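Please read these numbers as outputs of a predicted model, since none were measured by experiment.
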Amino acid sequence: MADAVIPPAVFRNLSDKLYEKRKNAALEVEGIVKSLAAAGDHEKISSVINLLTNEFTYSPQANHRKGGLIGLAAATVGLTTEASQHLEQIVRPVLFSFADQDSRVRYYACEALYNIAKVVRGDFIIFFNEIFDALCKLSADSDANVQSAAHLLDRLVKDIVTESDQFSIEEFIPLLRDRMNVLNPYVRQFLVGWITVLDSVPDIDMLGFLPDFLDGLFNMLSDSSHEIRQQADSALSEFLQEIKNSPSVDYGRMAEILVQRAASPDEFTRLTAITWINEFVKLGGDQLVPYYADILGAILPCISDKEEKIRVVARETNEELRSYKADPAEGFDVGAILSIARRQLSSEWEATRIEALHWISTLLNRHRVEVLSSLSDIFDTLLKALSDPTDEVVLLVLEVHACIAKDLQHFRQLVVFLVHNFRIDHSLLEKRGALIIRRLCVLLDAERVYRELSTILEGEADLDFASIMVQVLNFILLTSSELADLRDLLKQSLVNSAGKDLFVSLYTSWCHSPMAIISLCLLAQTYQHASTVIQSLVEEDINVKFLVQLDKLIRLLETPIFAYLRLQLLEPGRYTWLLKALNGLLMLLPQQSAAFKILRTRLKTVPSYSFSGDQVKRTSSGNPHPQIIHHIPCGSQISEDGDINQDVGACNSHNGINFTASLHQFEQMQRQHRMHAKMQALSRNSSTPSSKGN
């Protein structure tokens, strides 16, 4: 039927290799179809279209395919307003030609569809998704002419869509979402262009579908093309502004995307993501509460970002997030937040570790019960953090520990684990021991801390560690300003029950170190017992370690902390046992040592007279203190320096302190240490191969 309508010459020219002949033939087709349309003969029109499709558009000959495409466009022009009823027949073969291997055929397909779209306009929308898919591929075509033709067609389709009331955004979004992660720069430009155009249409709610293609836009921020990065950033900025002005936004789905993008290796992507998160935290309110843990997980690493802009925004966001007092009933997951903070404690960046600790501290203050219920999950990590290379982190960790240790159970647990960590990591004790213990004494009460440490060390099985630990604690006790009140209390051991209790509490564990016991006695002014302890020492006790500790003590005696002791030397008649104890220490020191010279010089300054009422008695140069015995009433005995008791038995017990039992305890502990040292020596000798002579 179509053959009779269209002359053979038109058929020949429609497949001619010359464009002009094909064009003229198409014009004749247009005239024929126009006449048929005027006559209302749509059956013949369908026959003509089928002929153009089957004999030309689907032909294996390229020129035939080109002629068929021009012919279909011409037929559409001829149909004008009646083209819609034949649109399915016309558009399908054109869309098929977009995938043709011949670039010229693809070019003519673009041209044909452009002309068809100009005629049918809004009726064209039913094919939008298929046309969009085809244009998406053609935007990256290998032929520049095809790209140009596709670009012109794309502009026309955008115009048609923006003026149409039949466009379905719901059907289009899945198509857009599937293509957002394409890497081709031409396709990316094509996609951003469509997003921008559709967002500008008042009747199309692109913001509502933003979560579907937000990740793709962020992905384009790291594109190698500056133009694409700029276009993506411009689109994102516009959407962010719309979010600020919109009363209803799905923050949750987008928050998940932003959290992932905040960890991007690309700096610009991270900055944009953290900026969005910052705005979301300010705007999202209750909607974002369930996502706080994920958001925090994104913010904390950014606080240490190498880019200052990112650090600034991340810090601001972190403060904003922490200031929001959410409740677990609203979906605030304390355990999840705690888990994020714990994970970030292992960060290589100090600033991140510090903020993680601030979060744990904040959670403890606001949700103590919930945090303590999850304590087992974070406690080991917090203990390991005590070995952090930076002091600021260690001090913050101690504050968190102190907050946890407000409960007696957790206080005991903290101190036990602390001693355990010191035992297995001597470098921690050496480098951070003083810092940790001093800070805990400030945060948790020095007496409480020292009593607990003493109780634990009293039963310590590792005698070497116990000795080292006691020496560290003793040195801190003697030198730290934070423990001044504790020293003052110990000075009252002979006259004050609180001081006595503390002295007795420390004494048991201090027995692990002879020098620690002597120092404690000098501090507590139990000078007679100090002298007795010194005289109880045997050859094995006076080793290199002992002499090193003694050297430290002699130098400490010259510091302001022991000023009271040096002033007591002005009254040798009253402080006999002090003189005896110091002379005993002098006898233990090597004569050529600096400590010997320091102590001997100090003892030489002791006055050779003492005051007793109005009577002044001088001594001979050979014995500086013979007059002392004249100040003691007959039948009396000195129990401790400064006190004279009529009770002869008082020398064994004073203010409830049983010094005889204490000395026995010390001697027993030292026997254990001596036995331990012998066993170690035997073990070393047995493990060393014996050498045999020839």
*Asks:* I'd like to know whether Asn365 forms a side chain to side chain contact (heavy atoms under 4.5 Å, CB included) with Cys403, so could you lay out the CA-CA distance, the side-chain angles of the two residues, the decisive distance to 0.1 Å, and finally the verdict.
*Replies:* CA-CA 8 Å; Asn365 291 328; Cys403 190; 3.9 Å; yes
*Asks:* Taking only Lys NZ, Arg NE, NH1 and NH2, and the carboxylate oxygens of Asp or Glu, determine whether Lys158 and Asp154 approach each other closer than 4.0 Å.
*Replies:* yes
*Asks:* Could you grab the distance from atom CG of Leu288 to atom OH of Tyr324, nearest 0.5 Å is fine?
*Replies:* 9.0 Å
*Asks:* Could you measure the distance from the CG atom of Leu221 to the CD1 atom of Ile228? Nearest 0.5 Å is fine.
*Replies:* 11.5 Å
*Asks:* Output yes when Lys306 and Glu267 qualify as a salt bridge under the 4.0 Å nitrogen-oxygen rule, no when they do not.
*Replies:* no
*Asks:* Could you report the tightest heavy-atom contact between Val146 and Ser103, atom names first, then the distance?
*Replies:* CG2-O, 3.3 Å
*Asks:* Closer than 3.5 angstrom, by distance alone: can the side chain of Ser46 be matched with the main-chain N or O of His42 as a donor-acceptor pair?
*Replies:* yes
*Asks:* Okay, side chain of Arg121, backbone of Ile160: is any donor-acceptor separation there less than 3.5 Å?
*Replies:* no
*Asks:* If you take all heavy atoms of Ala356 and Gln344, which pair is closest and at what distance?
*Replies:* CB-CB, 4.0 Å
*Asks:* Salt bridge or not for Lys137 and Asp133, using N-O below 4.0 Å?
*Replies:* yes
*Asks:* For the side chain to side chain contact (heavy atoms under 4.5 Å, CB included) test, which of Ile340, Val400, Leu321 pairs with Trp359?
*Replies:* Leu321
*Asks:* I need the full list of salt bridge (charged side-chain N to carboxylate O under 4.0 Å, His left out) pairs touching residues 284-302, with sequence neighbours left out, sorted by first then second residue.
*Replies:* none
*Asks:* Taking the side chain from Ser373 and the backbone from Glu370, do they hold a donor-acceptor pair closer than 3.5 Å?
*Replies:* yes
*Asks:* Could you walk me through whether Arg106 and Asp141 pass the salt bridge (charged side-chain N to carboxylate O under 4.0 Å, His left out) check?
*Replies:* CA-CA 9 Å; Arg106 297 197 299 274; Asp141 198 278; 2.8 Å; yes
*Asks:* Tell me if a side-chain donor or acceptor on Asn129 pairs with a main-chain N or O of Glu171 at a distance below 3.5 Å.
*Replies:* yes
*Asks:* Would you call Arg65 and Asp100 a salt bridge, taking side-chain N to carboxylate O under 4.0 Å as the test?
*Replies:* yes
*Asks:* What pair of heavy atoms forms the shortest contact from Ala25 to Leu14, and how long is it?
*Replies:* CB-N, 3.6 Å
*Asks:* For the residue pair Ile70 and Lys23, establish whether any side-chain heavy-atom pair is separated by less than 4.5 Å.
*Replies:* no
*Asks:* Under 4.5 Å between any side-chain heavy atoms of Val249 and Met254, yes or no?
*Replies:* yes
*Asks:* Under the criterion side chain to side chain contact (heavy atoms under 4.5 Å, CB included), which of Val393, Leu395, Val394 is the partner of Val397?
*Replies:* Val393
*Asks:* Check Val94 against Ala109 and note the closest heavy-atom contact, atom names and distance.
*Replies:* CG1-O, 3.5 Å
*Asks:* Just wondering, do Gln147 and Ser142 contact through their side chains at under 4.5 Å, heavy atoms?
*Replies:* no
*Asks:* In sequence, state the C-alpha distance, the side-chain angles, and the governing distance for Glu279 and Lys244, and then conclude on side chain to side chain contact (heavy atoms under 4.5 Å, CB included).
*Replies:* CA-CA 8 Å; Glu279 293 296 339; Lys244 293 178 183 178; 3.5 Å; yes
*Asks:* For the pair Asn145 and Arg104, evaluate side chain to side chain contact (heavy atoms under 4.5 Å, CB included) and give the outcome as yes or no after the intermediate values.
*Replies:* CA-CA 9 Å; Asn145 291 324; Arg104 294 304 296 167; 4.3 Å; yes
*Asks:* Quick one: does Thr352's side chain have a donor or acceptor within less than 3.5 Å of a partner on Glu348's backbone?
*Replies:* no
*Asks:* For a 4.5 angstrom cut-off between non-hydrogen side-chain atoms, does Arg188 reach Asn219?
*Replies:* yes
*Asks:* Is any side-chain N of the basic residue among Arg315 and Glu355 closer than 4.0 Å to the acidic one's carboxylate O?
*Replies:* yes
*Asks:* Set out, in order, the CA-CA distance, both residues' side-chain angles and the distance that settles ring-ring contact (aromatic ring centres under 6.0 Å, His included) for Tyr58 and His64, then state yes or no.
*Replies:* CA-CA 8 Å; Tyr58 293 150; His64 279 66; over 10 Å; no
*Asks:* Charged N to carboxylate O under 4.0 angstrom, Glu350 versus Arg353?
*Replies:* no
*Asks:* Aromatic rings Phe190 and Phe132: how do their planes relate, parallel, tilted or perpendicular, breaks at 30° and 60°?
*Replies:* tilted
*Asks:* Quick check: do Phe56 and Ser15 have side-chain heavy atoms less than 4.5 Å from each other?
*Replies:* yes
*Asks:* One thing to verify: whether Arg261 and Asp215 come together as a salt bridge, which I'm taking to mean a side-chain N less than 4.0 angstrom from a carboxylate O.
*Replies:* yes
*Asks:* Please report the closest heavy-atom contact between Pro211 and Ile257, naming both atoms and the distance.
*Replies:* O-CD1, 3.4 Å
*Asks:* Any chance you could measure Leu69, atom CG, to Ile90, atom CD1, to the nearest 0.5 Å?
*Replies:* 12.0 Å
*Asks:* Using every non-hydrogen atom in the two residues, find where Ile125 and Ser164 come nearest and quote the distance to one decimal.
*Replies:* CG1-OG, 3.4 Å
*Asks:* Go through the structure and list residues passing salt bridge (Lys or Arg N to Asp or Glu O under 4.0 Å) with Glu320, not counting sequence neighbours.
*Replies:* none
*Asks:* Is Arg22 reaching over with its side chain to a backbone N or O of Lys17, donor-acceptor style, under 3.5 angstrom?
*Replies:* yes
*Asks:* Give me the ring orientation class for Tyr108 and Tyr19: parallel if the planes are under 30° apart, tilted from 30 to 60°, perpendicular past 60°.
*Replies:* parallel
*Asks:* Is there a side-chain contact between Ile360 and Leu345 in this structure, where contact means two heavy atoms from C-beta onward sitting under 4.5 Å apart?
*Replies:* yes
*Asks:* Should the pair Phe128 and Phe167 be assigned to parallel (<30°), tilted (30 to 60°) or perpendicular (>60°) ring geometry?
*Replies:* perpendicular
*Asks:* Would you indicate whether the side-chain heavy atoms of Trp349 and Asp305 approach each other to under 4.5 Å?
*Replies:* no
*Asks:* So Phe11 and Glu55, do their side chains get closer than 4.5 Å, heavy atoms only?
*Replies:* no
*Asks:* Does Phe268, at its CZ atom, have more than 12 non-hydrogen atoms belonging to other residues, nucleotides or ligands within less than 6.0 Å?
*Replies:* yes
*Asks:* Could you give the distance from CZ (Phe239) to CG (Leu214), rounded to the nearest 0.5 Å?
*Replies:* 9.0 Å
*Asks:* Donor-acceptor pair, distance only, cut-off 3.5 Å: does the side chain of Thr362 make one with the backbone of His358?
*Replies:* yes
*Asks:* Any side-chain donor-acceptor pair under 3.5 Å between Asp266 and Ser264?
*Replies:* no
*Asks:* May I ask you to check whether Phe213 and Phe218 place their ring centres under 6.0 Å from each other?
*Replies:* no
*Asks:* With Arg177, which residues qualify under salt bridge (Lys or Arg N to Asp or Glu O under 4.0 Å), at least two apart?
*Replies:* Asp212
*Asks:* Counting only heavy atoms not in Gln101 (residues, nucleotides, ligands), do more than 12 fall under 6.0 Å from its CD?
*Replies:* no
*Asks:* Between Glu82 and Lys34, is there a salt bridge with N-O shorter than 4.0 Å?
*Replies:* no
*Asks:* Give the C-alpha distance, both sets of side-chain angles, the deciding distance and a yes or no for side chain to side chain contact (heavy atoms under 4.5 Å, CB included) between Ser97 and Thr57.
*Replies:* CA-CA 8 Å; Ser97 300; Thr57 310; 3.5 Å; yes
*Asks:* Looking at Phe209 versus Phe172, is the centre-to-centre ring distance below 6.0 Å?
*Replies:* no
*Asks:* Any side-chain to backbone donor/acceptor pair from Asp380 onto Ser376? Under 3.5 Å, distance only.
*Replies:* no
*Asks:* For the backbone of Val77 and the side chain of Thr80, can you confirm whether one donor and one acceptor N or O come within less than 3.5 Å of each other?
*Replies:* no
*Asks:* Tell me whether Arg311 contacts the main-chain N or O of Ser304 through its side chain, where contact means a donor paired with an acceptor under 3.5 Å.
*Replies:* no
